[in-house]
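For reference, the structure discussed in these notes is given below.
Please read these numbers as outputs of a predicted model, since none were measured by experiment.
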Amino acid sequence: MKVPTGGGKTLLATHAIGLINTHYLKKQTGLVLWIVPTNQIYRQTRKALRTREHPYRQVLDFNSGGRTKIVEKSERFTPADIQESLVVLLLMLLSANRQNKETLKLFQDSSGFDAFFPPDDRLPDHQILLEKFSNLDCFGERYSLLGGQIKTSLGNTLRILKPIIIIDEGHKAYSKNAQDTILNFNP
């Protein structure tokens with residue numbers, strides 16, 4: 001949506017989440033990946049979304065039946081959170097948009113998201129998940145004897161959850177790298 005500065009784009013985004021969940025996904029829960037371009041906008045958005053009296057949060061709470069959870073990339077969420085709440089993950093585009101994703105914490109293996117993936121010793125289950133989501137990061141070569149074990153990273157978790165994505169200041173996300181990053185989350 002193209003709206004002038006101060007025209008209510010963020011409020012429209014919160015309403016769009018409710019419309020997408022209600023009419024397209026037919027649920028009140030799930031994951032929203034809210035991408036912002038700068039530290040300043042990140043801080044402003046985080047404060048607004050965490051303040052229950054703020055109109056943005058009120059719209060989210062209305063659409064989720066009062067079960068909204070705002071998280072940052074350093075915080076954990078569980079499959080139960082996704083099933084029972086509307087989880088909004090704030091993320092700066094730059095933290096997922098660098099050329100070498102191996103250096104990004106977002107894509108590093110992390111024990112905090114194990115519950116979203118098959119146990120490490122169940123490689124056939126990893127292969128089934130890889131067939132469904134071919135862009136998941138793995139250890140080793142996918143089809144080698146010991147390869148194909150999916151990394152339990154936040155990045156992979158986002159990919160399998162296929163989030164609704166809100167891009168604040170979307171005109172700053174037109175580069176090929178930014179577009180590839182956003183599409184790589186399987187929105």
Side-chain angles (χ1 to χ4, degrees), residues 1 3 7-97 104-107 110-117 129 132-133 135-136 150 152-170 172-173 178 181-187:
M1 294 176 265
V3 179
K9 290 184 291 287
T10 307
L11 186 60
L12 288 172
T14 60
H15 282 286
I17 292 166
L19 291 170
I20 291 166
N21 270 344
T22 300
H23 298 289
Y24 179 67
L25 300 174
K26 309 273 191 242
K27 61 182 185 175
Q28 291 181 300
T29 62
L31 178 66
V32 175
L33 180 56
W34 196 297
I35 299 174
V36 298
T38 65
N39 279 322
Q40 180 183 2
I41 293 173
Y42 184 94
R43 287 189 303 271
Q44 290 171 350
T45 304
R46 180 183 60 204
K47 181 179 180 187
L49 295 180
R50 286 192 168 165
T51 303
R52 291 191 182 276
E53 297 78 26
H54 196 283
Y56 303 162
R57 177 59 182 262
Q58 289 176 342
V59 171
L60 293 174
D61 282 343
F62 176 80
N63 289 314
S64 70
R67 298 179 320 249
T68 306
K69 182 174 183 169
I70 309 299
V71 297
E72 298 179 74
K73 71 177 183 178
S74 60
E75 298 172 321
R76 302 291 181 230
F77 54 88
T78 67
D81 292 329
I82 299 298
Q83 292 170 357
E84 299 168 3
S85 303
L86 179 65
V87 177
V88 179
L89 172 63
L90 287 169
L91 183 69
M92 280 200 21
L93 183 58
L94 291 176
S95 69
N97 190 18
L104 297 174
K105 288 187 178 188
L106 189 69
F107 296 100
S110 168
S111 62
F113 296 100
D114 288 353
F116 290 97
F117 300 94
L129 194 55
K132 188 172 180 182
F133 300 99
N135 63 338
L136 296 176
I150 300 168
T152 58
S153 67
L154 174 56
N156 276 345
T157 302
L158 295 174
R159 290 171 178 149
I160 65 171
L161 292 175
K162 300 170 65 170
I164 295 172
I165 297 183
I166 300 295
I167 305 168
D168 201 333
E169 302 282 333
K172 296 183 181 180
T181 297
I182 292 162
L183 289 174
N184 198 35
F185 288 125
N186 301 332

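F116 has its side chain within reach of P79: a pair of non-hydrogen atoms, C-beta onward, lies under 4.5 Å apart. Taking 4.5 Å as the limit, some side-chain heavy atom of I164 sits within range of a side-chain heavy atom of L25. Counting heavy atoms from C-beta outward, I160 and F117 have side chains that approach closer than 4.5 Å.
Here CG of L86 is found 12.0 Å from NZ of K69. Values are rounded to the nearest 0.5 Å. Atom CD1 of residue I166 and atom CG of residue L90 lie 11.5 Å apart, to the nearest 0.5 angstrom. To the nearest 0.5 Å, atom NZ of residue K26 and atom CG of residue N21 are 11.0 Å apart. Here H54 contributes atom NE2 and D61 contributes atom CG; the two are 13.0 Å apart, rounded to the nearest 0.5 Å.
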Residue pair T78, D81: steps toward the side chain to side chain donor-acceptor pair (under 3.5 Å) verdict:
CA-CA 5 Å; T78 67; D81 292 329; 3.3 Å; yes

Start with the C-alpha gap between R57 and T51, add the side-chain angles, then the distance that decides, and say whether side chain to side chain contact (heavy atoms under 4.5 Å, CB included) holds.
CA-CA 7 Å; R57 177 59 182 262; T51 303; 5.8 Å; no

Starting from the C-alpha separation in whole Å, work towards a yes-or-no answer on side chain to side chain contact (heavy atoms under 4.5 Å, CB included) for T157 and F77.
CA-CA 10 Å; T157 302; F77 54 88; 4.1 Å; yes

Please evaluate residues W34 and L49 with respect to the criterion side chain to side chain contact (heavy atoms under 4.5 Å, CB included), reporting the C-alpha separation (whole Å), side-chain torsions for both, the decisive distance (0.1 Å), and the verdict.
CA-CA 11 Å; W34 196 297; L49 295 180; 4.2 Å; yes

Would T29 and Q83 satisfy side chain to side chain contact (heavy atoms under 4.5 Å, CB included), going step by step from the backbone distance to the final call?
CA-CA 6 Å; T29 62; Q83 292 170 357; 5.6 Å; no

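Here the closest non-hydrogen pair linking T68 and S64 is OG1-OG, 2.8 Å. Contact record, T14 with N63: O-ND2, 3.9 Å, taken as the closest heavy-atom pair.
Between R46 and E75, none of the side-chain N atoms (NZ, or NE/NH1/NH2) sits under 4.0 Å from a carboxylate O, so this pair counts as no salt bridge.
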